[in-house]
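Every chain is numbered from 1 and lettered A, B, ... according to where its sequence line falls, protein lines coming before strand lines. Reckoned from all heavy atoms, side chains included, excluding hydrogens, waters and symmetry mates.
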There are 2 protein chains.
Amino acid sequence: MAKTIKVVLAEDQGMVRGALSVLLGIEPDIEVVASAADGDEALRLVGQLRPQILVTDIEMPKSTGLELTARVRNLYPETRVVILTTFARPGYLRRALDAGAHGYLLKDRPSTELADAVRRVHQGLRVVDPGLAAEVWNAEPDPLTDREREILRRAGEGESTAEVAKALRLSDGTVRNYLSEAISKLGAHNRVEAARLARAKGWL
Amino acid sequence: MAKTIKVVLAEDQGMVRGALSVLLGIEPDIEVVASAADGDEALRLVGQLRPQILVTDIEMPKSTGLELTARVRNLYPETRVVILTTFARPGYLRRALDAGAHGYLLKDRPSTELADAVRRVHQGLRVVDPGLAAEVWNAEPDPLTDREREILRRAGEGESTAEVAKALRLSDGTVRNYLSEAISKLGAHNRVEAARLARAKGWL
DNA sequence: CTGTCATGATGACAAGTGTCATACGCCGCA
DNA sequence: TGCGGCGTATGACACTTGTCATCATGACAG
């Protein structure tokens, strides 16, 4: 196959970076021309090598995959970006698409999907994890008010009602009211579970 | 090279699992005979296939890599275990070695080290990340007993005292005793803070 | 200007949590 | 053989947390 898709790979964990590189490299039509351990290095490599595709993690040192995506979008628009991440958070997906990503793939998915996603994005298609895409539309919006969120966050870190009240200069009872409200909105049974649920949704 | 090292791989993220499998598979002397997405499946596969090496992540559904290591150690001692994890926590390393692991490798390291580590462990050597090994000697040891740890873990996820008691078939009061003890040992003021502190040290 | 909503408060009660003393059996180590 | 540590339990007490009713204020949309 003459037509080769050039890919740059950005991923901070060396072991995973190397393994993904091999995984993509065995495909006859894909060539990993370089890989980077952080966002800045990745941007430099994309500028130098002008790959058709950049595959990038989100959580990386120096600059995140989301920042990287936006920069690549502006500076080298001919390179399309596939986000590859652990996090199935609707908030991340939305921000990734806003930043101009063409693909959003979860590390949970079978490894066979990666090369496929690269090919599809190379052909100009969008590839978004189906479960996650659905979630974004149903997207229950964050039911918490700012106050509730802030108080739940602190309580979720281990601050007692009294400590939260002092820190925010509220009465003790008010803090308990907000927590009660938050617990009820989230369908939890106590502050710890409430904080955990909210965190999972990306609301904290 | 006739002698092939049979490996079972346990890692919950499909993408990483597939990629690591390919990475190890390209080595002429290593064969990945199966891979699992959780601890229970991994244990089953080890029992069935009796590989020389099990490469496992720590944080997995159903049972963790540390529990898995202990079980493999007891049931199939001829299989040696290499832990492959994101977490450079001394507590994890200590528990991994206590559980009978022969290798402890970080996902941060270059991917070339994985096959090497597998070979060394297969030869009967121990392979431990050097930076982490140093830390273990200075590190305060985990002050929690197994029971305290398990109970604190559950409480830290939002289970109430009553739920924990039911799940572990303990009396309500006993659970509160353990939590009280754990909170005091960790110098925390409540279960949430205690869980947070323990997690940061790698004790949960 | 009226209804709705977020913020903030109080008081009361029920439920859950943290602490302490005390106790028993088991195991391993000296 | 005895001591210490672990696991488990009970009862009692104080304290924290969760729920509910009720109220007051200010902002904002209709």
Side-chain angles (χ1 to χ4, degrees), chain A residues 140-201 203-204, chain B residues 66-67 70-71 73-74 91 94-95 97-100 140-199 201 203-204:
Chain A
E140 342 154 46
D142 182 347
L144 303 174
T145 69
D146 287 351
R147 238 8 185 178
E148 286 162 358
R149 193 171 17 255
E150 168 70 1
I151 287 171
L152 182 56
R153 196 187 55 72
R154 298 182 97 108
E157 315 245 347
E159 288 187 28
S160 69
T161 305
E163 284 168 332
V164 175
K166 199 168 187 183
L168 302 183
R169 285 165 192 183
L170 292 175
S171 90
D172 225 70
T174 301
V175 171
R176 283 190 288 152
N177 285 154
Y178 282 128
L179 278 172
S180 181
E181 192 56 24
I183 289 165
S184 136
K185 280 180 177 176
L186 296 170
H189 297 97
N190 56 56
R191 53 180 69 191
V192 186
E193 196 187 353
R196 198 171 51 77
L197 291 173
R199 251 189 278 273
K201 300 269 188 181
W203 293 336
L204 279 199
Chain B
L66 295 173
E67 290 161 359
R71 285 193 197 133
R73 185 71 183 153
N74 286 329
R94 169 153 277 158
R95 275 196 286 154
L97 296 181
D98 286 350
E140 346 155 43
D142 182 348
L144 302 175
T145 68
D146 286 351
R147 238 7 183 178
E148 286 162 359
R149 190 165 29 248
E150 168 70 0
I151 287 170
L152 182 57
R153 194 187 56 72
R154 299 180 98 107
E157 314 246 347
E159 288 186 28
S160 69
T161 305
E163 284 168 331
V164 175
K166 200 167 184 184
L168 302 183
R169 287 166 191 181
L170 292 175
S171 91
D172 225 72
T174 302
V175 170
R176 283 192 287 151
N177 285 154
Y178 282 129
L179 279 171
S180 180
E181 192 57 24
I183 289 164
S184 139
K185 280 180 177 175
L186 295 170
H189 297 96
N190 56 55
R191 54 180 70 193
V192 186
E193 195 187 353
R196 199 172 49 77
L197 292 173
R199 251 189 278 273
K201 299 271 189 179
W203 294 336
L204 278 200

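- Crowding of B/Lys201 atom NZ: a count of heavy atoms from other residues, nucleotides or ligands under 6.0 Å not exceeding 12.
- Put simply, CG on A/Asp146 is 11 Å from P on C/dG8, counting in whole angstrom units.
- In this model, no donor atom of one side chain and acceptor atom of the other lie less than 3.5 Å apart for B/Thr174 and B/Arg147.
- Atoms CG and CZ, on B/Asp142 and B/Arg149 in that order, are 4.5 Å from each other to the nearest 0.5 Å.
- The 5' end of DNA chain D is approached more closely, in terms of each residue's nearest nucleotide, by B/Lys185 than by the other of B/Leu170 and B/Lys185.
- Counting non-hydrogen atoms under 4.0 angstrom, A/Arg147 reaches the backbone sugars and phosphates but no base.
- Considering only the side chain of A/Ile183, D/dG18 comes nearest among D/dG18, D/dA9, C/dT17.
- For A/Thr145, taking side-chain heavy atoms from C-beta onward, the closest of the listed nucleotides C/dG8, C/dA6, C/dG18 is C/dA6.
- One interatomic measurement links the two molecules: CG of A/Asp172 to C1' of C/dA9, which rounds to 12 Å at whole-angstrom precision.
- Between D/dT8, C/dG8, C/dT17, one nucleotide has an atom nearer to the side chain of B/Thr161 than all others, and that is C/dT17.
- Residue A/Asn177 is in base contact, counting any heavy-atom pair closer than 4.0 Å across all strands shown.
- Among the nucleotides C/dT17, C/dG18, D/dT19, the one closest to any side-chain atom of B/Ser160 is C/dT17.
- Here D/dT17 presents its P atom at 13 Å from CD1 of A/Ile151, a figure rounded to the nearest Å.
- Rounded to whole angstrom, the span from the CG atom of A/Asn190 across to the P atom of C/dG16 amounts to 10 Å.
- Comparing C/dT19, D/dG7, D/dA9 against the side chain of B/Thr174 picks out D/dA9 as the nearest.
- When the P atom of C/dA6 is taken as reference, atom CZ of A/Arg149 falls 12 Å away, rounded to whole Å.
- The CD-C1' distance, from B/Glu181 to C/dA21, rounds to 13 Å in whole Å.
- With salt bridges taken as basic N to acidic carboxylate O contacts below 4.0 Å, none links B/Asp98 and B/Arg95.
- Atom CG in B/Leu179 sits roughly 15 Å away from atom C1' in D/dT16 (whole-Å rounding).
- With respect to the salt-bridge test (charged N to carboxylate O, under 4.0 angstrom), the residues A/Lys185 and A/Glu148 qualify.
- To the nearest angstrom, P of C/dA6 lies 17 Å from CD of A/Glu150.
- For the OP1/OP2 pair of C/dT19 and a distance below 4.0 Å, the side-chain nitrogens and oxygens of B/Arg176 include no atom meeting the criterion.
- Within the 4.0 angstrom heavy-atom criterion, base atoms lie near B/Ser180.
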